[in-house]
Engineer: 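Shown below is the structure under consideration.
Chain letters run A, B, ... following the sequence lines, proteins first, then strands; residues in each count from 1. Values below: every heavy atom of this structure, side chains too, minus hydrogens, waters and symmetry copies.
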Amino acid sequence: MPTRKKRPKLAVFKFASCDGCQLSLLDCEDELLLLADAVRIASFAEASSRVLRGPYDISLVEGSITTPHDAERIREVRAQSRVLVTIGACATSGGVQALRNFRDVKEFARVVYARPEYIDTLATSTPIADHVKVDYELRGCPIDKRQLLAVLSALLSGRTPSIASHSVCMQCKLRGNVCVMVAHGTPCLGPVTHAGCGALCPTYHRGCYGCFGPAETTNTGGLEWALVAAGASQEDIARTYATFNTAAPPFRRAQEEQLVQIRLKEGRRG
Amino acid sequence: MPVVLAAADLDALVQALAGRGYRVLGPVARDGAIVIDDVRRAADLPIGLEDVQGPGRYRLERREHGAFFAFTVGPHSWKQTFHVPVERLFQIRRHKEGFSVIPDEAPRQRIALLGARACEIHAIAIQDRILIHGEHPDPRYAARRSDVFVVAVNCMRAGGTCFCASMGTGPRAERGFDLALTELVEPGDHRFLVEIGSDDGAAVAAELPVRPANPEEIGAAASVSERTAAAMGRRLDTSGLKERLQKNLEHPRWDDVATRCLACGNCTMVCPTCFCTEFEDTTDLAGETAERTKRWESCFTLGFSHVHGGSVRSSIKARYRQWLTHKLAGWHDQFGTSGCVGCGRCITWCPVGIDITEEAAAVGLPEKDG
Amino acid sequence: MARTIKVDYLARVEGEGALTIRFKGDKPSAVELRIFEPPRFFEAFLRGRAYQEVPDIVARICGICPVAYQMSACHAIEDALGIRTDGTLRALRRLLYCGEWIESHGLHVFMLHAPDFLGYEDAIAMAKDHREWVVRGLGIKKAGNAIVAALGGREIHPINVKVGGFYRVPTRAELSALLPALETALGDAEMCLAWAARFDFPAFERDYEYVALRHADEYPFCEGRIVSNKGLDIDLHAYEEHFAELQVPHSTALHSVVRGRGDYQCGPLARFNLNFDRLGERARDAAERVEFVPPCHNTYKSLLARMVEIIQALDEAIRIIHGYAPPDAPAIAAAPRRATGYGCTEAPRGMLWHKYTLDEAGLVEDARIVPPTSQNQKCIEQDLWQLAPTLAAMPHAAATRRAEQAVRNFDPCISCSTHFLRLAIERED
Amino acid sequence: MNVSSAPDPMLPEPLRITRAKREMHGVFTFELDVSARGGFPFLPGQFNMLYPFGAGESAISISGDPHQPDRLEHTIRAVGAVTRALERLGRGDVVGVRGPFGSAWPIREAEGSDLVVIAGGIGLAPLRPVVYHALRRREAFGKVALLYGTRTPDDILYRKEIERWRGRLDVEVEVTVDTAGSDWRGNTGVVTKLISRAAFDPGRAFAMICGPEIMMRFCARELERLGVSLDRIWITMERNMRCGIGLCGHCQFGPSFVCKDGPVYRYDRVQDLLLVREV
Ligand SMILES: Cc1cc2nc3c(=O)[nH]c(=O)nc-3n(C[C@H](O)[C@H](O)[C@H](O)COP(=O)(O)OP(=O)(O)OC[C@H]3O[C@@H](n4cnc5c(N)ncnc54)[C@H](O)[C@@H]3O)c2cc1C
Ligand code: SF4
Ligand code: SF4
Ligand code: SF4
């Protein structure tokens with residue numbers, strides 16, 4: 001049977017982010033040169049000065065949209081991309097910088113900059129899918145490099161990438177871990193968090209803090225029982241949801257539920 | 001005739017098995033729980049540890065009695081030994097004429113299970129029925145099961161979530177073992193009553209420093225099991241249960257449990273009989289080699305029931321209902337047995353402590369009482 | 001004639017920024033290193049977070065050197081809480097940091113900077129002619145990553161770092177498993193240093209003020225006093241008295257200066273110049289063999305300093321692993337209290353200074369983070385001022401490449417300061 | 001314990017495509033070379049798992065003639081990754097095949113009765129073997145009717161064959177479309193409407209239906225209204241299918257496995273379940 005004919009063009013684009021997700025590609029030390037044989041790396045500014053013009057067969061997009069200019073730029077990227085894959089929490093949910101969405105961004109700018117007027121920024125940090133159509137999403141802060149390779153191999157072979165979207169718990173059990181919540185009383189977001197990391201935190205005896213964002217099904221209200229039983233306060237729960245995927249709707253709702261309860265409690269006390 | 005082995009000589013059993021080329025797997029304390037791992041000497045066993053189990057809660061506590069097997073079942077089950085969590089089935093290489101399939105063989109090894117409980121022996125038998133005795137046996141599972149020596153242990157305590165007595169699967173191992181131990185712990189006299197269940201078992205026992213059991217010891221062992229049976233942490237009324245569940249697919253209790261269930265899948269992962277699997281096809285970057293791996297899957301995932309256009313069971317309610325009705329009802333239609341052996345794992349390891357016995361009982365009741 | 005040399009996106013740096021050099025005749029009239037990585041406001045949203053969450057949050061400032069952020073934060077918070085990690089836990093942290101140095105320096109040397117010297121647009125193109133060196137480089141980088149993954153759980157944003165130590169400490173076997181790859185990498189790194197020493201380094205020197213940590217008897221990672229070759233020798237607490245951060249309109253990153261003096265350089269070359277005597281034998285010998293000894297004022301040779309530090313980190317990692325026995329507890333306990341703490345560690349790109357004020361409940365009241373790239377930013381601009389006349393005489397493409405290379409000497413990690421570089425060289429008559 | 005030495009049913013067998021025919025936009029039929037293995041016997045209604053290299057696996061019914069086991073045929077609609085990968089293959093390419101799996105239409109049982117075959121859309125594919133069989137053994141059946149509904153006249157599957165069958169005097173063939181232009185002279189509307197018009201004796205008919213779940217339910221209801229006994233109505237179910245051999249659990253439908261107890265079911269055995277949402 002004929003092998004693949006044309007080497008597809010791969011491009012990597014960056015928006016507001018820490019670079020960690022695209023670095024995952026360079027962290028595939030064993031596969032990097034093989035990948036370079038399988039695709040034409042058309043644009044990957046972190047690694048190469050070369051820029052080939054679009055259109056691109058596969059575009060990996062890292063980072064969230066936080067400036068008016070970026071909101072424009074992502075449309076251009078989409079127009080140039082056959083398959084667009086967002087990589088990481090910033091691109092898929094707005095990332096940690098989306099903490100600004102629920103506060104006064106001017107206030108934030110004042111904390112960091114003496115002359116905030118120089119800073120041109122939007123009041124929100126939003127996921128790519130809020131701006132353009134996204135074909136596949138890779139979750140995680142950062143993404144898992146094995147998943148990235150699996151997605152690239154799938155796309156190169158015309159297969160639907162298999163990106164398990166169930167809970168972290170399933171992967172935890174596949175590894176044979178002992179549940180940190182049931183056996184150690186450690187609060188853990190694993191039951192509502194999207195798989196992909198291989199249940200890293202529980203493997204290291206800590207509770208999952210949700211860096212892969214919400215799983216396909218999230219009963220955060222149900223989970224509250226277990227978190228409280230494990231000694232988490234409502235403030236702790238609210239803060240934990242408010243980190244790397246703070247703007248992902250299920251996590252956002254979970255924070256708000258906690259905050260409402262805290263306010264009610266304070267009201268009763270006051 | 002049962003024989004008696006001094007507790008101090010338990011290591012002789014481990015060594016006898018190892019000497020016959022068995023990889024001895026048994027209970028080991030790790031990360032705050034009793035898990036299944038390699039046992040190289042009797043001292044590797046969780047001596048003096050007891051587990052305290054409840055819905056969504058598990059803790060180990062140390063006791064003075066120095067018993068080897070005073071705990072019940074932990075998060076692991078023998079499922080992981082035979083129906084392994086992840087395995088590759090085959091590789092496929094592309095070539096000019098098409099492609100060739102290169103199957104992965106299951107490693108043949110002799111495995112000795114040290115400390116399998118009655119419910120677990122039943123669970124293995126249930127998986128055998130599905131994976132070996134069905135129309136299409138799973139060759140890798142069958143290979144792993146082909147040379148197994150079972151040392152059963154009769155539970156001396158019932159766990160807080162156990163209900164094997166209701167399911168008729170324990171606490172005493174009646175068959176399916178080569179040797180069965182009942183641990184007798186008395187001040188100054190710590191020993192095992194050893195029952196022999198097979199010729200292999202007899203041959204191994206013959207290598208051990210044992211003596212014939214006396215009637216008191218046989219009686220003491222029987223009363224250990226009786227006491228355990230009487231102390232079950234949970235119970236489930238199984239009479240007519242299958243019909244009650246299958247008639248009540250629209251019972252309001254399903255909506256109730258759906259508010260609590262996280263659809264996390266832990267219950268299915270820890271259940272010793274759950275057998276569902278997912279297949280994943282992958283390719284190398286060059287697209288020259290493909291492979292297929294199989295891993296445990298759960299009816300709690302959306303993907304489980306995915307068809308073109310969406311998932312058949314998109315609500316948590318439908319997924320929990322699928323699980324419970326399959327386990328306790330559909331299983332009878334499919335395999336002529338319940339899918340539940342009453343081990344209680346799904347209750348303990350459910351992060352929110354959903355209790356299969358409570359849910360089944362509630363669904364089985366008329367609506368207004370449920 | 002007006003001439004504009006413009007690199008809108010400076011490639012092969014981590015982050016996003018641009019550089020403009022404007023000429024009046026042959027004289028530079030403006031040099032602006034513009035960082036337009038969108039601001040991400042970390043210091044602001046650290047407020048109100050529990051101290052336990054800080055190492056995870058600050059890691060996200062930079063995917064290239066998350067361990068550095070975690071280490072500086074842990075040290076600052078431990079300083080505030082009045083605890084100290086010692087013995088094995090300290091050694092494990094050092095090991096983790098070694099991993100990051102090896103990985104990060106490996107990335108920069110082999111993937112980003114070496115292609116400049118050999119005239120390729122990237123390491124993949126370079127691999128066509130120099131495959132064995134790229135493969136060695138990837139091997140070295142991988143060995144570093146393997147340490148971070150084993151100890152931290154994953155290469156990027158490790159999950160196992162905790163105030164007071166770790167969540168779980170590795171077994172001996174887990175660490176020993178790393179040794180073969182580290183040994184190979186060490187041998188390779190020595191070869192690579194000799195290879196790199198033969199690169200054609202542009203003649204370019206400047207009278208820098210080097211600033212780095214200095215420790216009583218170690219090559220600096222997590223601890224030490226802040227010293228410079230111009231007489232600075234201060235405690236971490238005194239950083240703000242001696243350094244100032246200025247905001248410039250063209251950049252989202254702040255510029256650091258030594259008060260009263262101006263720009264300074266931190267990072268591998270600064271550490272090398274100030275701490276050569278603290279290098280282990282293996283690294284020092286390797287450096288001396290290729291006649292790379294301090295003082296070295298040619299920033300292009302920072303690439304060699306990175307190679308020396310890779311050797312140092314590999315050597316040290318191997319030593320730590322050989323001496324490792326798991327400690328009794330993975331972390332020491334801490335209790336919240338109202339206090340301010342300081343931490344400064346040597347990120348691969350240079351000093352990374354953190355300061356936190358915690359309240360009684362252990363929530364962050366105030367956070368200040370000074371990353372290496374903002375410290376070097378002014379220094380980079382100054383280098384370019386000096387380089388400008390040379391650039392003016394060069395053909396456009398070559399000038400652009402040379403300017404980029406000069407920026408890359410600092411391995412600017414723009415995500416830290418905030419990202420990607422664009423270069424514009426403009427000439428006016 | 002004795003280990004079975006049966007061939008591993010999880011291993012795809014590479015078979016070469018000898019003929020690839022485009023039926024209409026996005027629907028195509030493959031013929032696979034089974035000569036080297038001495039044919040591919042199957043029962044009408046059974047399916048295979050097809051594997052285009054590296055792209056995954058899908059359950060696809062066998063759509064050829066059960067009396068010609070030397071020609072293995074499948075008709076496929078490209079809807080997703082696997083089926084699109086299949087679409088890209090052509091004559092000479094190789095497909096991995098596992099099967100045949102699943103239950104069959106009760107063609108023997110139905111002999112001596114009237115036969116009503118009702119298909120919706122691509123659902124005609126798994127019923128074509130039934131039609132082939134009935135035509136070959138025409139004398140064994142009473143009246144034979146094929147009622148086929150599809151979206152538009154352009155979506156009529158096996159158009160030429162249908163024309164041929166329609167030309168025969170011993171089969172009633174009715175086609176209806178949901179929507180059509182003015183040049184369409186045939187029926188429009190749902191397939192259910194054809195049932196009462198077809199000439200068969202409800203008291204002695206066997207009905208075999210394949211199409212969307214909702215269409216099958218309405219057809220069954222109509223048949224019941226006309227007096228067809230529910231235990232003589234047969235339908236097919238579709239569920240996610242991974243292994244095809246009852247080991248992966250995905251295709252469960254109530255207490256059954258669609259891959260071995262189905263895909264063909266007797267209606268009265270599943271009608272209650274069909275009314276429960278999300279089973
Ligand atoms: C018994 C049976 C017989 C079938 N016969 C035919 C036929 O003759 N012709 C035909 O065109 N189609 C048939 N189908 C439907 C066909 O299997 C699906 O359309 C196909 O699996 C979709 O796969 P995909 O990857 O192209 O689509 P996607 O929508 O991309 O599917 C994604 C994944 O979901 C799973 N999936 C999606 N839909 C189904 C499904 N219906 N059944 C099982 N898994 C699914 C697959 O594993 C697939 O990999 C049959 C299905 C069954 C169960
Ligand atoms: S366990 Fe949770 S927080 Fe930890 S790495 Fe995985 S998804 Fe991220
Ligand atoms: S259903 Fe629960 S109690 Fe029953 S066997 Fe499975 S895990 Fe054990
Ligand atoms: S029953 Fe418990 S363990 Fe099972 S899916 Fe629901 S929450 Fe998870």
Engineer: Contact part of R131(C) toward chain A, heavy-atom cut-off under 4.5 Å: side chain, backbone, both or neither?
Structural biologist: side chain
Engineer: Can you give me the closest heavy-atom contact between R49(C) and T243(A), atom names plus distance?
Structural biologist: NH2-CG2, 2.8 Å
Engineer: What part of E245(C) is in contact with chain A, defined as an atom under 4.5 angstrom from a non-hydrogen atom: side chain, backbone, both or neither?
Structural biologist: neither
Engineer: Tell me if a side-chain donor or acceptor on R168(C) pairs with a main-chain N or O of P202(A) at a distance below 3.5 Å.
Structural biologist: no
Engineer: Keeping the roles fixed (side chain from R60(C), backbone from V96(A)), state whether a donor-acceptor pair exists under 3.5 Å.
Structural biologist: no
Engineer: With a 4.5 angstrom heavy-atom cut-off, which part of V135(C) approaches chain A: side chain, backbone, both or neither?
Structural biologist: side chain
Engineer: To the nearest 0.5 Å, how far apart are CZ in R154(C) and OH in Y204(A)?
Structural biologist: 11.0 Å
Engineer: Kindly indicate whether the side chain of L138(C), heavy atoms from C-beta on, has any atom under 4.5 Å from the side chain of L33(A).
Structural biologist: yes
Engineer: By a 4.5 Å heavy-atom criterion (distance strictly below it), what part of L151(C) contacts chain A: side chain, backbone, both, or neither?
Structural biologist: backbone
Engineer: Answer whether the closest heavy-atom distance between the side chains of P330(C) and R206(A) falls below 4.5 Å.
Structural biologist: no
Engineer: Might you point out which heavy atoms bring R239(A) and A50(C) nearest each other, and give the distance in Å?
Structural biologist: NH2-CB, 3.3 Å
Engineer: Are I156(C) and K145(A) side-chain neighbours, meaning at least one heavy-atom pair lies under 4.5 Å?
Structural biologist: no
Engineer: Test your reading of the model: is there a side-chain donor-acceptor pair from K141(C) to the backbone of L26(A), 3.5 Å cut-off?
Structural biologist: yes
